[in-house]
Amino acid sequence: MIWESTIFADNLKIMAKNRYPIGIQTFEKLIEGGFTYVDKTRFIAQLVKEGQYIFLSRPRRFGKSLLLSTMESYFEGRRDLFKGLAIDNMDMDWTPRPVLYIDFNTGSYDQPDGLHNRMITTLIRYEDKYGITPTIENDVALRFENLINGIYERTGQKVIILVDEYDKPLLDVEEDMDLFEKNQSLLKRFFSNVKSTDRYIEFAMLTGVSRFSKVSIFSDLNNLKDISMYDRYQEICGWTEEELTSYFKTGIVELAQKRRESPHETLNNLRNYYDGYLFSEEGKRLYNPFSVLMALDSQRIMPYWFGTGTPTFLVKRIKAMGMYPPDINGKLCTENELLAVGLNAGNPIPLMFQTGYLTIASYINRLEMYELRFPNREVETGFYEDLLQLYVPATNDFNSPFNFKLFKIDLFDGRPKDFMKRLSSLIKDLPTEDHKESSYRAITYLLTVLCGAESIAEHHGYIGRSDIEVIAGEYIYIFEFKYNKSVEDAMEQICSRDYAGRYAMDSRKVYLIGANFNEDRDKRGLEYEIKELKDT
């Protein structure tokens, strides 16, 4: 980009120091504490005009809570907090309104009464604030209706309702269907009052990670507008690269100094690790705010977002379906599939999009479908690492001879015999149900990716396609796998179909690896043969 050549040219001494708002999701605290705030207030004006009931889906740790907190401050008439921000210069109504902020971020939803208790706590807080006498004590739905009606009667003003992470009570119990259905039923009853008290509500906005329960929970709210894939709201959460370099120039320069590289190299590394999210057909790709803040504050580029929690049911479903890991990238989905997903739907790909593990790579007009891919290195390696643990937990054990970092040394040091010997020992301990060709290929592919190598599955050539080709520094490995056949069959296919032909003029060493997974009771295990290209 043209602006990259000048963006870091300023003298560091005149660049403002950043205060990183890590873990701060309250707009008031962020502004009054002098933390760096990436101005998104222009979107509040759009949202107020958009409609009465709004729904927005974005991945976790992407800024949804801060967005709702910012809207809370606006509706409360706190104009002092918005001084100098975009909305301060807009023609807006700053009259204070009563706001009900319902936050489901916290709570023990895996307990039988966890959701009910969380709702009761929220209701009590606002009943006390507005002096509303509750109706039936334990009926949260009726108490919510009574609260909305009572606030209007006491203040003469319509109510603002902001609901943060509405689906967390469901995602937290996705593997306990009894509790899931109980929480879902309670949420449905609770929010059904939004329609029954419609005349007393000025504006309502709900956010969440997924949309899989939107239809069933908000079935009565047929006018709920889902703006999640609107082009005009692509940038409402997350940061564009221009925002990153504008607000955090100092932090990028400091990180570059720590890493002993140029700011442009550091920006490129940040881009590879944390950029790439796209939630609509058009618009600029976005960085994950949480990961960027952690990287700038700690001055280390690491997979921060993935460590904050993984929906394990997604990873388990991918494995259970026998989906070959490289096939996850490049999947096609219609917009309806992406917007209407059930928890028990057979296809996990749309839910992976909603939860941030896949993002839009392109829109194919003639098919009217979206191509989905991993957004960046942080997400791809994190997801693959969790998937590999389901097959072979020892690969994440630092003291294990099967830790994937030892496989990395084998690959990058040009030791294919050690790599195959280690792989052969590893798969012997697989559970019986994983002794199948798809599991062996998946494990090999995941290992090579996590080693940091460039791994290409089913690389097409002019006479066929190889199983896996791996480029690791100065070495290239071509794998062909067979199941209950022979090593000779695998090697013969590599040679007869000239899989290595594309590397004939390459100066790097090329190894051909033919492998056979033998399921014979007396010979069970991995057989392999290794040849250097020059020997064939």
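Keep in mind it's a predicted model, so treat the numbers as computed, not measured.
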Any Lys/Arg nitrogen of [X] or [Y] sitting under 4.0 Å from an Asp/Glu carboxylate oxygen of the other?
X	Y	value
R373	E380	no
K482	D467	no
R441	E458	yes
K485	D489	no
D164	K64	no

Inset, instruction - Mind checking the CH2-CG spacing from W239 to L244? Nearest 0.5 Å is all I need. - result: 7.5 Å
Legend entry - Intermediate values then yes/no, ring-ring contact (aromatic ring centres under 6.0 Å, His included), F191 and Y53: CA-CA 12 Å; F191 288 117; Y53 301 112; over 10 Å; no
Inset, instruction - Would you check, one step at a time, whether the test salt bridge (Lys or Arg N to Asp or Glu O under 4.0 Å) holds for K188 with E181? - result: CA-CA 10 Å; K188 180 177 174 61; E181 291 174 0; over 6 Å; no
Inset, instruction - Just jot down the side chain to side chain contact (heavy atoms under 4.5 Å, CB included) partners of A515, sequence neighbours excluded, or say none. - result: M420, F481, L526, Y528
Inset, instruction - Under the side-chain contact (heavy atoms from CB on, under 4.5 Å) rule, what do Y363 and E368 come out as? Steps first, then yes or no, please. - result: CA-CA 7 Å; Y363 181 73; E368 296 184 337; 3.6 Å; yes
Legend entry - Partners meeting side chain to side chain donor-acceptor pair (under 3.5 Å) with T121 (sequence neighbours left out): none
Inset, instruction - Assess the side chains of D103 and T122: does a donor N or O sit below 3.5 Å from an acceptor N or O? - result: no
Inset, instruction - Using ring-ring contact (aromatic ring centres under 6.0 Å, His included) as the criterion, list what pairs up with Y274, not counting sequence neighbours. - result: none
Inset, instruction - Only counting residues at least two apart or in another chain, list the ones meeting ring-ring contact (aromatic ring centres under 6.0 Å, His included) with Y477. - result: Y511
Inset, instruction - Using atom types as modelled and distance alone, determine if a side-chain donor or acceptor of D413 lies under 3.5 Å from a backbone N or O of R415. - result: no
Name every donor-acceptor pair, under 3.5 Å, that has one atom in a side chain of residues 285-295 and the other anywhere in the protein, sequence neighbours excluded.
| unit_1 | atom_1 | unit_2 | atom_2 | d |
| --- | --- | --- | --- | --- |
| R285 | NH1 | G276 | O | 3.0 |
| R285 | NH1 | I360 | O | 2.9 |
| R285 | NH2 | I360 | O | 3.0 |
| R285 | NH2 | A361 | O | 3.1 |
| Y287 | OH | E241 | OE1 | 2.5 |
| N288 | OD1 | F290 | N | 3.0 |
| N288 | OD1 | S291 | N | 3.4 |
| S291 | OG | W305 | N | 3.3 |
| S291 | OG | E378 | OE1 | 3.1 |
| S291 | OG | E378 | OE2 | 2.9 |

Legend entry - All salt bridge (charged side-chain N to carboxylate O under 4.0 Å, His left out) counterparts of E474, not counting sequence neighbours: none
Inset, instruction - Using the six-membered ring wherever Trp is involved, compare the ring planes of F43 and Y233 and label them parallel, tilted or perpendicular (cut-offs 30° and 60°). - result: tilted
